[in-house]
Amino acid sequence: MRWTQYFIVTSKETPKDATAASHRLMLRTGMVRQLAAGIYSYLPLGYRSLRKVEEIVREEMQRAGAIELMMPILHPIDLWEETNRVAAMGDVLLRLGGPEGDWRASMVLGPTHEEVITEIARAYLKSYKQLPINLYQIQLKFRGEARPKSGVLRTREFLMKDAYSFHDSVESLDEGYQKMYDAYCRIFSRCGLPYAPVEAESGPIGGDASHEFMVLTDAGEDVVALTENKDYAANTERAVCAPLAQDNAEMKAIEEVHTPNQRTIDEVTAFLKTSPSQMIKTLVYTGTPPSTGKKTDAPAEPAIFVALVRGDHDANENKLNRAAGKAWAAASGGDGASISLELADEGTIKRLTGADVGFAGPHTLGKSGVPYFLIVDQAVSVMRNAATGANKTDYHAVNVNPVRDFAINGERAIVADIRNVVDGDLSPKGSGSPIRLRKAIEVGHVFKLGTKYSDAMGATYLDKNGKAKTLIMGCYGIGLNRIMASAIESNHDENGIMWPMSIAPFQVLVVALDPRDDEVMQTAANIHDALETAGVDTLLDDRDERAGFKFKDADLIGIPVRITVGRKALADGVVEVKLRTSEDIEKIAPDAAIERAKSLAYAGLVTA
RNA sequence: CGGGGUGUAGCUCAGCCUGGUAGAGCGCUUGCUUUGGGAGCAAGAAGUCGUCAGUUCGAAUCUGGCCACCCCGACCA
């Protein structure tokens with residue numbers, strides 16, 4: 001491809017709205033152009049890269065035995081009602097709109113395709129002989145992201161590879177899951193990404209039912225916990241750590257301290273001259289337990305759940321919701337399913353504590369007579385002589401001790417892990433290796449769904465005995481745009497992008513320094529043609545521009561191999577071969593340069 | 001959804017406070033010079049100043065509504 005006949009629009013200016021490196025470079029290199037918030041056009045250079053990512057994904061999916069199909073972007077909303085996800089997705093689900101009764105009013109843009117694939121499975125996967133099977137597509141998704149950001153890292157429209165597997169046993173699902181897991185590793189390796197699979201919030205099956213594939217970079221929105229010895233990796237939404245050891249300090253007598261207007265942890269620790277790690281944070285939540293569906297049809301009443309975490313720790317919503325379910329089940333029966341909690345309003349807190357907001361504590365909480373469940377974080381359960389609120393406006397208590405001063409195990413009290421891990425916590429594997437927190441971009445997610453959708457939609461097959469069984473499912477997603485952006489996040493310098501060979505828009509750039517010099521142009525064109533013939537994606541910079549200008553552009557768009565053809569060097573019978581990632585310049589004959597570029601291009605593709 | 005900010009040429013921005021016929025740099029077009037790390041000179045093309053209303057003889061500029069975009073937070077199958 002000749003530059004002058006192609007469409008490349010680079011810019012010297014740094015766009016004002018771009019903060020993430022990938023966003024800035026994708027705009028400067030003219031790979032994408034924003035049309036609206038979270039909505040981008042892929043210009044030719046960017047689209048070439050995206051297509052290469054797509055092709056790698058497709059190859060590895062096929063290698064893993066998955067079968068490609070394509071499902072619609074427009075879905076009837078009824079389908080989403082079947083699985084109750086219209087409510088669950090909320091504003092994320094984009095509706096087409098239109099007047100009542102109009103067909104448009106009953107259409108949504110697909111944010112994912114579990115419902116559509118399950119509808120297909122329900123119709124056609126009727127026999128165990130058809131299982132297992134893995135169907136995938138590469139298709140646009142639409143989500144009403146509240147806040148698109150960081151260029152193509154978080155958008156309202158994006159390209160996703162989504163695969164769905166169907167099985168007749170949990171063992172078969174495990175196998176299918178492992179195949180996808182392995183395929184994902186190959187895909188991200190081939191794309192040149194420094195990735196890490198981490199345990200993610202697990203699905204209905206529990207255990208290791210879900211892994212996210214993360215690219216470690218500060219531009220990411222997720223935080224992952226990795227131990228130094230690499231024996232544990234998890235998203236902080238899920239990460240656990242070794243329990244903290246019991247503090248054995250001698251228990252002192254409780255004292256109340258007048259703390260006028262000192263409400264926050266920072267204020268109180270400064271006032272009491274203690275540290276947040278010696279404080280107990282008392283968080284009051286409300287949540288509605290599942291109606292047990294027994295005698296009465298009365299709607300379940302919201303219950304109060306009090307969570308205790310150390311002053312320097314944050315409560316983890318998922319863990320807390322699960323613990324609330326357990327606490328409820330222990331006291332009232334039920335299946336222990338998690339309960340979605342919300343922070344209590346001011347009135348509830350006042351009623352419970354008898355004090356203004358900011359002075360709650362566990363030891364005198366029962367005196368108001370308002371019933372509540374107590375969930376004590378493991379780190380709190382081992383504290384000694386802690387400071388906390390006194391349930392009395394403008395007073396805190398010091399030397400509060402779990403067990404002695406408030407029950408941590410009982411009919412309405414449990415100890416659980418309900419906090420986020422922090423940097424320095426120890427590996428849950430018992431190795432003693434410290435956990436480090438790193439920011440990361442989620443580029444892929446593999447998930448054991450179980451029968452969540454097949455149950456809801458009645459997707460069954462007949463087993464060997466002719467009995468109807470519910471299909472067991474897995475689902476596996478990859479964000480293609482995110483692969484591109486995170487490849488740039490991980491491979492760039494102050495001059496521009498440094499593409500991995502496998503997903504570079506072109507593999508080789510031939511720079512003709514004096515395009516009006518016949519010999520130079522002829523040589524450059526020959527190199528270009530020979531490489532193209534050999535199947536190497538080659539761009540020939542034939543613009544009549546100054547050398548510096550062209551080199552700056554070359555560094556910016558980051559094509560891995562650069563061959564410079566200039567008048568002076570050509571007089572000595574050589575051209576220059578240079579890698580984007582190195583300052584070294586190799587001066588060799590044009591024919592040798594062709595061979596060199598070929599082997600570099602081929603070598604860069606077989607990293608899998 | 002809460003808080004903050006910005007809308008003027010394809011891009012980056014000035015002009016607004018103190019109202020009076022639209023500016024610069026980059027990019028683009030033409031010519032000459034230059035030619036190994038984003039060249040110089042000259043001449044050009046290009047903007048309903050986000051939008052609607054109001055104030056005024058007169059609004060990019062003052063006032064109000066709306067819209068869009070960005071950042072922080074909340075949220076994220």
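Letters go in sequence order (proteins before strands), and every chain restarts at 1. Bear in mind that the values here come from a model prediction, so they are computed numbers and not experimental data. The figures that follow rest on heavy atoms only: side chains count, while hydrogens, waters and symmetry mates do not.
Nearer to the 5' terminus of RNA chain B, by closest-nucleotide assignment, is the contact made by A:Gly566 (compared with the other of A:Gly566 and A:Glu221). Projected onto RNA chain B by closest heavy-atom contact, A:Ala547 and A:His445 fall at different nucleotides, the more 5' of which corresponds to A:Ala547.
Nearest nucleotide to the A:Asp553 side chain, out of B:rG38, B:rG37, B:rC72: B:rG38. Closest to the side chain of A:Met89, out of B:rG25, B:rC71, B:rA77, is B:rA77. Side chain of A:Arg154, nearest nucleotide from B:rG38, B:rG36, B:rA74: B:rA74. The side chain of A:Tyr453 lies closest to B:rA77, out of B:rA77, B:rG38, B:rC71. Here the side chain of A:Glu114 is nearest to one of B:rA77, B:rG36, B:rC75, namely B:rA77. The side chain of A:Arg516 has B:rU35 as its nearest neighbour among B:rU35, B:rG36, B:rC72. Closest to the side chain of A:Thr10, out of B:rG38, B:rG36, B:rG37, is B:rG38.
Nucleotides B:rU30 and B:rU18 have their C1' atoms positioned 42 Å apart, rounded to a whole Å. The gap from the P atom of B:rU34 to that of B:rC41 amounts to 15 Å, rounded to the nearest Å. When the C1' atom is used for both B:rU29 and B:rG10, the distance is 14 Å, rounded to whole Å. A gap of 41 Å separates the C1' atoms of B:rA59 and B:rG40, to the nearest Å. Only the C1' atoms considered, B:rA60 is 12 Å distant from B:rG23, to the nearest whole Å. Rounded to whole Å, the P atom of B:rA45 lies 12 Å from the corresponding atom of B:rA24. Taking the P atoms as reference points, B:rC17 lies 15 Å from B:rG64, given to the whole Å. Across the P atoms, B:rA68 and B:rC75 are found 24 Å apart, a figure rounded to whole Å.
A side-chain donor from one of A:Asp345 and A:Thr348 sits under 3.5 Å from a side-chain acceptor of the other.
Counting any heavy atom pair closer than 4.0 Å across all strands shown, A:Arg562 reaches a base atom. At a threshold of 4.0 angstrom between heavy atoms, the contacts of A:Asp91 with the nucleic acid are absent. In this structure, A:Arg156 reaches neither bases nor backbone, as no heavy-atom distance under 4.0 Å exists between it and the strands shown. Within 4.0 Å of A:Leu556, counting heavy atoms only, lies at least one base atom of the nucleic acid.
Side-chain contact check for A:Val108 versus A:Met89: every heavy-atom pair is 4.5 Å or farther apart. Annotation: side chain of A:Tyr164 is not in contact with side chain of A:Thr118 (no heavy-atom distance under 4.5 Å). Counting only heavy atoms from C-beta outward, the side chains of A:Met484 and A:Ile488 never approach each other to under 4.5 Å.
The pairing partner recorded for B:rG58 is none, the criterion being a Watson-Crick or G-U wobble arrangement whose two distances lie under 3.5 angstrom. Look at B:rA39: its Watson-Crick or wobble partner, with both distances under 3.5 angstrom, is B:rU33. In this structure, B:rU6 forms a base pair with B:rA68, meeting either the Watson-Crick or the G-U wobble geometry with both donor-acceptor distances under 3.5 Å. A 3.5 Å limit on both hydrogen-bonding distances identifies no Watson-Crick or G-U partner for B:rC49. Base pairing analysis places B:rC76 opposite nothing; no Watson-Crick or G-U wobble pair with both distances below 3.5 Å involves it. Nucleotide B:rC16 forms a pair with no other nucleotide shown, judged by Watson-Crick or G-U wobble geometry with both contacts under 3.5 Å.
Salt bridge A:Glu199/A:Arg238: present, at least one basic N to carboxylate O contact under 4.0 Å. A salt bridge between A:Arg322 and A:Glu201 is present, with a side-chain N of the basic residue lying under 4.0 Å from a carboxylate O of the acidic one. Taking the charged nitrogens against the carboxylate oxygens, A:Asp377 and A:Lys319 have no contact shorter than 4.0 Å, which rules out a salt bridge.
Rounded to whole Å, atom P of B:rG36 lies 19 Å from atom CD of A:Glu583. Computed from coordinates, the A:Arg546 CZ to B:rU35 P distance equals 8 Å when rounded to whole Å. If you measure from atom CG of A:Asp544 to atom C1' of B:rU30, you get 15 Å, rounded to the nearest angstrom. Regarding A:Leu153, its CG atom lies at a distance of 19 Å from the P atom of B:rC76, rounded to whole Å. One atom, CG of A:Asn321, and another, P of B:rC75, lie 12 Å apart when rounded to the nearest Å. Rounded to whole Å, the distance from CG on A:Asp514 to P on B:rG36 is 8 Å. Between the CG atom of A:Leu79 and the C1' atom of B:rA77 there is a distance of 14 Å, given to the nearest Å. Between the CG atom of A:Asn235 and the P atom of B:rC76 there is a distance of 13 Å, given to the nearest Å.
For B:rG37, the base has no donor-acceptor partner in the side chain of A:Glu545 [N/O atoms by modelled type, under 3.5 angstrom]. Under 3.5 Å, the side chain of A:Glu576 and the base of B:rG36 form at least one donor-acceptor pair of N or O atoms. Scanning atom types as modelled, no donor and acceptor separated by under 3.5 angstrom connect the side chain of A:Arg147 and the base of B:rC70. Between the side chain of A:Arg567 and the base of B:rU35, no donor-acceptor pair under 3.5 Å is found.
The aromatic rings of A:Tyr181 and A:Tyr177 lie tilted to each other, with the angle between the two planes from 30° to 60°. Aromatic ring orientation, A:Tyr195 versus A:Phe188: tilted (interplanar angle from 30° to 60°).
Applying a 4.0 Å cut-off to non-hydrogen atoms, the residues of residues 26-44 of chain A that approach RNA chain B are A:Arg28, A:Gln34, A:Ala36, A:Ala37, listed by residue number.
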>> With side chain to side chain donor-acceptor pair (under 3.5 Å) as the criterion, how do A:Glu114 and A:Thr112 come out once you've worked through the C-alpha distance, each side chain's angles and the decisive distance to 0.1 Å?
In response: CA-CA 6 Å; A:Glu114 280 84 6; A:Thr112 174; 2.7 Å; yes
> Passes side chain to side chain donor-acceptor pair (under 3.5 Å), A:Thr236 versus A:Asn420? Steps please.
Replying inline: CA-CA 6 Å; A:Thr236 47; A:Asn420 285 330; 5.5 Å; no
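Regarding contacts with the backbone of B:rA77, every side-chain N or O of A:Arg85 stays at 4.0 angstrom or more from both OP1 and OP2.
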